[in-house]
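In what follows, a structure is listed as structure tokens, so that the remarks can point back to it.
No hydrogens, no waters, no symmetry mates; every other heavy atom, side chains included, goes into these values.
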Amino acid sequence: IVVENWMVRLYGVDEPIEVDWLKFPEPNFVLAPGEFREIAYELIAPFRFTGEKVAQVFFEFSLDEVEQAFETRLGVIYYMIASGTEKVKATIANEYFSVTKELEDEKNVSTAKIAFSVNNEGNVHVRPKGVITIKDRNTGELICSLMLPHMRGIYPEKQESLEATTPIPD
């Protein structure tokens, strides 16, 4: 079992890659094919930390010489949040909306495209979800709705862009 500070890998955060708040008493073991095992671990909250800590726990495989040319491992993300200190705040910026019309099979087909950025201004990761509703500015009439596509988590002080398209009924 290998534990890494995932913020170093994702964003080059200036912190040690080693994680001292997540411990596995028995990090080294081998499982035979078909064998399973419960794995114990300890979380040790750092004194006076706020927000969240993020670690990636990797389970590495025993490989033969040919397979060793590739790093093969299975990863699981662990989050630890300091209850009562979490701040969830995000803003939307760089909004863009367009409608295109194309001729398909002798019929006009309209497509709405929306794009924007989500800026995480809090101290824990956020994962936006929901429905975008587009209405006519003048009449308030519904033009279309679309579900936000699944997004990976947006970590504190980071930004992710999102783009989605949907057909507009005639």
Side-chain angles (χ1 to χ4, degrees), residues 1-96 113-133 145-167:
I1 298 175
V2 176
V3 182
E4 296 179 358
N5 179 340
W6 200 230
M7 300 311 283
V8 173
R9 290 269 189 229
L10 283 178
Y11 300 111
V13 172
D14 187 22
E15 296 175 0
I17 197 152
E18 297 83 26
V19 173
D20 59 0
W21 53 269
L22 176 58
K23 304 278 185 208
F24 288 84
E26 287 186 64
N28 299 312
F29 57 89
V30 176
L31 296 177
E35 184 181 1
F36 69 93
R37 174 183 190 154
E38 286 189 20
I39 302 170
Y41 61 90
E42 299 173 349
L43 293 173
I44 305 155
F47 187 64
R48 292 189 180 163
F49 94 93
T50 60
E52 75 181 351
K53 298 283 186 186
V54 184
Q56 182 84 351
V57 176
F58 291 104
F59 299 88
E60 296 183 334
F61 300 95
S62 298
L63 305 172
D64 64 30
E65 281 186 36
V66 173
E67 293 170 320
Q68 287 180 11
F70 302 97
E71 185 175 50
T72 306
R73 54 191 193 165
L74 173 67
V76 177
I77 299 174
Y78 279 72
Y79 296 100
M80 180 170 48
I81 296 175
S83 182
T85 70
E86 63 272 35
K87 179 175 128 186
V88 178
K89 182 179 180 189
T91 57
I92 295 175
N94 306 318
E95 302 94 0
Y96 170 80
K113 176 180 177 180
I114 187 166
F116 57 90
S117 298
V118 178
N119 301 310
N120 186 349
E121 298 174 356
N123 65 0
V124 295
H125 76 284
V126 295
R127 185 170 284 125
K129 62 181 182 176
V131 177
I132 297 172
T133 303
S145 295
L146 60 127
M147 292 290 295
L148 279 176
H150 177 75
M151 295 183 73
R152 69 182 189 162
I154 305 168
Y155 291 97
E157 300 177 16
K158 302 298 176 196
Q159 172 181 307
E160 290 289 332
S161 295
L162 179 81
E163 186 176 294
T165 58
T166 188

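The nearest pair of heavy atoms linking E95 to F116 is CA-CB, 4.1 Å. Considering every non-hydrogen atom in both A40 and P25, the closest pair reads O-CD, 3.4 Å.
To the nearest 0.5 angstrom, M80 atom CE is 8.0 Å from L22 atom CG. Atoms CZ and CD1, on F29 and I39 in that order, are 3.5 Å from each other to the nearest 0.5 Å. The distance from the NE2 atom of H125 to the OH atom of Y155 is 6.0 Å, given to the nearest 0.5 Å. The distance from the OG1 atom of T166 to the CE atom of M147 is 11.5 Å, given to the nearest 0.5 Å. Atoms CD1 and CZ, from I1 and F24 in turn, are 5.0 Å apart once rounded to the nearest 0.5 Å. Between atom CG of residue L31 and atom CZ of residue F59 there is a gap of 10.0 Å, rounded to the nearest 0.5 Å.
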field: Pair N123-E52, side-chain contact (heavy atoms from CB on, under 4.5 Å): steps then yes or no
entry: CA-CA 7 Å; N123 65 0; E52 75 181 351; over 6 Å; no
- prompt: Going through the distances and angles, do I44 and D20 end up as a side-chain contact (heavy atoms from CB on, under 4.5 Å)?
  reply: CA-CA 8 Å; I44 305 155; D20 59 0; over 6 Å; no
task: Show your working on side-chain contact (heavy atoms from CB on, under 4.5 Å) between E163 and Y96 and close with a plain yes or no.
output: CA-CA 9 Å; E163 186 176 294; Y96 170 80; over 6 Å; no
- request: Please assess L162 against L148 for the test side-chain contact (heavy atoms from CB on, under 4.5 Å), listing each intermediate value before the final yes or no.
  value: CA-CA 8 Å; L162 179 81; L148 279 176; 2.9 Å; yes
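The existence of a salt bridge linking K53 and E86 is excluded, since no basic side-chain nitrogen approaches an acidic carboxylate oxygen closer than 4.0 Å. By the 4.0 Å N-to-carboxylate-O rule, R37 lies close enough to E26 to be salt-bridged with it.
Judged by distance alone, the side chains of E121 and T91 do bring a donor and an acceptor atom under 3.5 Å apart.
A donor-acceptor pair is defined here as one N or O able to donate and one able to accept, closer than 3.5 Å; no such pair exists between the side chain of N5 and the backbone of V19. In this structure, the side chain of T85 engages the main chain of G51 through a donor-acceptor pair within 3.5 Å. Listed for the N120 side chain is no donor-acceptor partner under 3.5 Å among the backbone atoms of A90.
Taking a 6.0 Å sphere around CZ of F49, one finds it holds more than 12 heavy atoms contributed by other residues, nucleotides or ligands.
For the pair V57 and R73, the minimum side-chain heavy-atom distance is 4.5 Å or more. Looking at heavy atoms from C-beta onward, P128 lies in side-chain contact with I154 at the 4.5 angstrom threshold.
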